[in-house]
Amino acid sequence: MEKTYNPHAIEQQWYQHWEANGYFTPSGEGTPYSIVIPPPNVTGSLHMGHALQDSIMDALIRLKRMQQHDTLWQVGTDHAGIATQMLVERKVQAEEGLTRHDLGRDKFLDRVWEWKEESGGNITRQLRRLGASVDWDRERFTMDDGFYKGVQEVFIRLYDDGLIYRGKRLVNWDPKLHTAISDLEVISEDEAGHLWHMRYPLAEGEKTADGKDYLVVATTRPETMLGDAAVAVHPEDERYQHLIGKFIDMPIVDRRIPIIADDYVDPEFGTGCVKITPAHDFNDYAMGQRHSLTMINIFDKNAAILVEPEVYNTDGKPVEVHAECIPQAYQGMDRYVARDAIVNDLTSAGLLEKIEDHALKAPRGDRSGLVIEPLLTDQWFVSTKPLAEPAIAAVEDGRIEFVPKQWENTYFSWMRDIQDWCISRQLWWGHRIPAWYDDEGNFYVGRSEEDVREKHKLGDINLRQDDDVLDTWFSSGLWTFGTMGWPDMTEALKKYHPTDVLVTGFDIIFFWVARMIMMTMHIMKHEDGSAQVPFKTIYVTGLIRDENGDKMSKSKGNVLDPLDLIDGISIDDLVTKRTGNMMQPQLAKKIEKQTRKHFPDGMAAYGTDALRFTLCSLASTGRDIKFDLGRIEGNRNFCNKIWNAASYVLMNCEDQDCGQKGGEVELTLADKWIVSRLQQAEKKVLTAMDSYRFDHAAEALYSFIWNEYCAWYLELSKPVLWDDNASEAQLRGTRRTLVRVLEASLRLAHPLMPYITEEIWQKIKPLVGKDGDSIMLEPYPEFEADKVDAQAEADLDWVRGVIEGVRNIRGEMGISPAKPIPLLFSKGQAADQAILDANSQFLIKLAKLESVTWLEAGDEAPLSATALVGEMEVLVPMAGLIDKDAELARLQKELAKLDGEMKRLNGKLGNAKFVDNAPEAVVVKERAKLAEAEAAANTLRQQVAKIESI
RNA sequence: AGGACUAUAGCUCAGUUGGUUAGAGCGCAUCCUUGACAUGGAUGAGGUCGGCAGUUCGAAUCUGCCUAGUCCUACCA
């Protein structure tokens, strides 16, 4: 073996070997276990969150595969409608100076497909580097023909079931992307704005209570006055009660609008008068519905002022002949230009009472960053309420379980207040809506134009398909069954659906998880007709944040690329990567400074195993995961530790008799001990994995392999292996234990660190008599109760106690570790002597002893530094080695600790209430502790006295 | 406004049903190139578990209030 661990040299070849041999394909034998990967964006790249989730999924899949389940990890990517379309638009614009409209729909889509071919391999390459054992044969893309068939079918079924409808509704309109977006894609953030107080003249000489001939309405959007349909006041607001049912003569637009009463109005806010613009505000829309107000749309698709307003009744039918008009001066103005113009005109007309600063939440599209415009448009919607009910029930009754449990609350609170879902998008890239229109504006839903004609007996009338596409989340909603071949009832569906677990971040519980549950339960049924859930467990991971706890984002320039952690990156390359191709280039300097500060030397190549192990070790129940380079460095060192331990084992066992062909073996205390400890480790790791505590699993592996196997067992094996007088049976026993425990540890660790375990396993497998082709197909280690040896564990604790006692004296007294020292045992029992006799070779080697002397009662001990193992004293003679004052100081320090403890225990045991109320076992335990501490303190005090007396 | 979550060593985090001398990794201090490993080894220092009350024989753990921070949901024009 190479002297140091070099991940780069071992990783990729193993992945190729596994993939080429079809080990990722479901075995077809055993209980099915399946996971679908949350599909990443095909044209994107994996971020740390993906790396975390994929590491966890792979750990689960590898574990279950080793446990001989029939495991399927379904892989695939999604087409990410808006994101991809924007990206390709920018690219075409930059490279050819053309817009998508210049190209036309078909040509533009060709460009998207070209881009997909070009960049789509990125994700799959990264997944391979991470070691993800996904079934590549079943890879799916949401825009595949087969998948499209499923999407279309779901749309048609939902439509036929009355759960999809089309209508003119107010939607979140993105004026830059020219598409509707869902509520979830709108981000509201605090922004500084103004509140304009505008005077609206009362019609027919009406006066307010205080004698004014106008009402004052406050608004954050003065420009929408062009679409005002009413002014509303609270029905019980005394100031305005006499005006309810009267009218306003609108300034600027020559229009008379009613004053209405609605208890939505808060009399305390502003003046208590609200202008109502049903076509441009969600609350106003609702009020418009209640009061049958006409809806006056004044904006075009760019959110610029129309030449002619579009006027609709409450049912969304256009009012063909109407009096509403927009003054020429404003026609075609952008909404913000129009705002200034209107404010100016109102000011000159003396109708602007005042302008106040006002903090507001501006709703912005999460892709474009522009303030979204509520706009009346024809869209397709899913009625979510009927779908939500069974989806809520499935979580309530435990058919679906969230881990950690608390996420169920998040799910419930959203599901119980769910809004209808606008699923149409005015994009080109996506699944085209399977609906056709005739020239009259009637529409027909079906599988194809032919299908529609036939179904509705339309003859050869003109039909054109809906231009719009479906929200990407609509198609990813059927990911679990769509990837398995639905609508065909495939073998895969029968076997692997419902899937076992979904691993995802909490940020997409609403976007994706909830919708997947709703759609799957509606479409997929068991043989008895009951709904199939998409997955039985939802494991919700935390979100990976940077070293300051900030979310990683390109614009902040704090993203880490998992591959850079694997391969390493120089600081200059990292800076270039973080500051290149930025949306806001002015931030580049700041980002460069931060980056150089945090990563002065760039990043080392830690390797996939260290990255995966680290991610798993960070996966506790919290919501946020701060990523700290120190952790991955420590775990890279852990890999190196395993590597070197294996190197030691090979040096001592290769071409030697390790008992793989039988033969007599004699096991030392150390051998029995490590086998026993291995059982405990196996139990801990498996328990942790079964409860999705990958941090605990990682911890258990780390401490067993490093702190027990490497730190103690390997050292304890040396006195045996290097003993010229050791018997063949002893040598065979120790070698066999060395390789067997290492081999089992590798299997235990394999789900978390696939590469290094495979590499080493291949080298040592003959030493344990195995000839399997890959560790990933070997059985997962199981706890075996009969290999637990409590006596061995206790005895080895004794051995460790002696060694640590001596080391403590050496360390504290400044005795060179190279200097052999004599050791005496005093006040020991027969049991102590028995352990000593059987194990003195361990002590001599590990504590570097010159001699070992057992003192019988009455034997005179020389003046010594003392360590205690139980009641037995372990003595290092001071003569020529130890300074009197130093030893006194050391003993006083020990005594101070013991005093503290005795005080605490005495207080506790002196309290009658404790003794009366606490369980007997607790009291007994505390008494024993006190007795032990007292005995130890006594011994040490005698030592102090003895030393002082000189 | 409502709700959730977090607060433990200098840093990043564990701590299961209340009974541990409160742990780990990194960092720090002292020492060590002994034949797996300096990406290492030995020893050690370091925490009144955010604050205040309460329940209890006993609280990092349960309850209430407070403080600080994060997030989600809904928003008053």
Side-chain angles (χ1 to χ4, degrees), chain A residues 1 3-5 188 195 217-221 224 232 264-266 268-277 281-284 358 360-361 406-407 409-410 413-414 417 506-507 509-510 543 545 547 549 551 604 606 610 617-618 620-631 633-652 687 691 693 695-696 699 702-703 707 710-711 714-715 718 722 804 807-818 845 848 893 897-898 900-901 904-905 908 911-919 921-923 925-926 929 933:
Chain A
M1 282 174 82
K3 190 168 165 61
T4 41
Y5 164 64
S188 289
L195 205 51
V217 297
T219 180
T220 54
R221 302 203 55 197
T224 61
Y264 159 77
V265 179
D266 175 5
E268 305 295 316
F269 188 90
T271 58
C273 300
V274 194
K275 61 191 266 320
I276 302 300
T277 317
D281 182 281
F282 289 97
N283 291 312
D284 292 6
H358 181 69
L360 55 94
K361 297 262 189 190
Q406 67 202 55
W407 291 109
N409 292 330
T410 309
S413 68
W414 190 70
D417 186 32
F506 60 83
D507 51 335
I509 287 180
F510 307 143
L543 247 44
R545 298 170 178 279
E547 59 284 347
K551 202 168 168 173
Y606 298 110
S617 73
L618 294 171
S620 58
T621 55
R623 260 186 20 173
D624 300 319
I625 299 171
K626 279 198 216 180
F627 194 83
D628 176 22
L629 272 194
R631 296 289 294 261
E633 189 180 340
N635 289 326
R636 190 267 322 260
N637 295 353
F638 178 47
C639 291
N640 186 55
K641 192 73 185 175
I642 297 174
W643 186 262
N644 281 294
S647 165
Y648 168 82
V649 171
L650 280 171
M651 277 170 61
N652 286 286
T687 306
S691 51
R693 287 304 301 264
D695 57 332
H696 287 173
E699 214 284 324
Y702 187 99
S703 72
N707 300 334
C710 292
L714 293 193
E715 294 306 318
K718 289 173 185 175
W722 298 350
E804 281 167 347
R807 283 176 178 174
N808 173 274
I809 292 170
R810 271 186 197 275
E812 297 276 285
M813 296 299 113
I815 302 170
S816 159
K845 171 71 183 152
K848 188 97 179 167
K893 197 171 79 179
K897 264 193 207 168
L898 288 169
E901 200 190 343
R904 190 181 60 83
L905 289 165
K908 217 170 179 179
N911 181 350
K913 286 180 178 169
F914 170 71
V915 179
D916 293 345
N917 291 310
V922 173
V923 178
K925 202 170 143 195
E926 297 297 295
K929 277 192 225 163

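The sequence lines fix the lettering, A, B, ..., with proteins before strands; numbering per chain opens at 1. Because the structure is a prediction, the values reported are computed rather than measured.
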Touch class at under 4.0 angstrom, heavy-atom based, for [X] against every strand present:
{"X": "Thr220(A)", "value": "sugar-phosphate"}
{"X": "Lys551(A)", "value": "nothing"}
{"X": "Trp414(A)", "value": "nothing"}
{"X": "Ala218(A)", "value": "base"}
{"X": "Arg693(A)", "value": "sugar-phosphate"}
{"X": "Tyr702(A)", "value": "sugar-phosphate"}

Pairing partner (Watson-Crick or G-U wobble, both distances under 3.5 angstrom) of [N]:
{"N": "G54(B)", "answer": "C62(B)"}
{"N": "A74(B)", "answer": "none"}
{"N": "A24(B)", "answer": "U12(B)"}
{"N": "G46(B)", "answer": "none"}

What are the two closest non-hydrogen atoms of Cys639(A) and Tyr5(A), and how far apart are they? CB-CE2, 3.2 Å
Does the ring of Tyr702(A) carry Lys641(A) above it, NZ/CZ under 6.0 angstrom from centre and within 45° of its axis? no
Between [options], which nucleotide gets closest to the side-chain atoms of [X]?
{"X": "Glu699(A)", "options": "A24(B), A36(B), A77(B)", "answer": "A24(B)"}
{"X": "Val922(A)", "options": "G19(B), A45(B), U21(B)", "answer": "G19(B)"}
{"X": "Lys929(A)", "options": "U20(B), G19(B), A36(B)", "answer": "U20(B)"}
{"X": "Asp266(A)", "options": "A77(B), G15(B), U12(B)", "answer": "A77(B)"}
{"X": "Phe510(A)", "options": "G15(B), U73(B), U20(B)", "answer": "U73(B)"}
{"X": "Leu714(A)", "options": "A4(B), A36(B), A77(B)", "answer": "A36(B)"}
{"X": "Asp624(A)", "options": "A45(B), U70(B), G19(B)", "answer": "U70(B)"}
{"X": "Glu901(A)", "options": "U12(B), U21(B), A36(B)", "answer": "U21(B)"}

[atom1]-based separation of [M] from [N] [nearest Å]:
{"N": "A45(B)", "M": "C65(B)", "atom1": "P", "answer": "41 Å"}
{"N": "G69(B)", "M": "G51(B)", "atom1": "C1'", "answer": "15 Å"}
{"N": "C66(B)", "M": "G44(B)", "atom1": "P", "answer": "45 Å"}
{"N": "U33(B)", "M": "A38(B)", "atom1": "C1'", "answer": "8 Å"}
{"N": "U8(B)", "M": "G50(B)", "atom1": "C1'", "answer": "10 Å"}
{"N": "U34(B)", "M": "A42(B)", "atom1": "P", "answer": "14 Å"}
{"N": "U61(B)", "M": "G15(B)", "atom1": "P", "answer": "14 Å"}

I'd like to know if Arg807(A) and Glu804(A) make a salt bridge, using a cut-off of under 4.0 Å between side-chain N and carboxylate O. no
Determine, for nucleotides 37-43 of chain B in 5'-to-3' order, which nucleotides have protein heavy atoms under 4.0 Å from the base (write B), from only the sugar-phosphate (write S), or from neither (write -). B-BSSSS
Calculate, to the nearest 0.5 Å, the distance between atoms CG and OH belonging to Leu629(A) and Tyr606(A) respectively. 5.0 Å
For atom CG of Leu905(A) and atom C1' of C57(B), their distance in whole Å: 15 Å
When you compare the side chain of Lys275(A) with that of Thr224(A), does any pair of heavy atoms fall below 4.5 Å? yes
Can Trp407(A) be classed as stacking with the base of A4(B), given a centroid separation cut-off of 5.5 Å and a plane angle cut-off of 30°? no
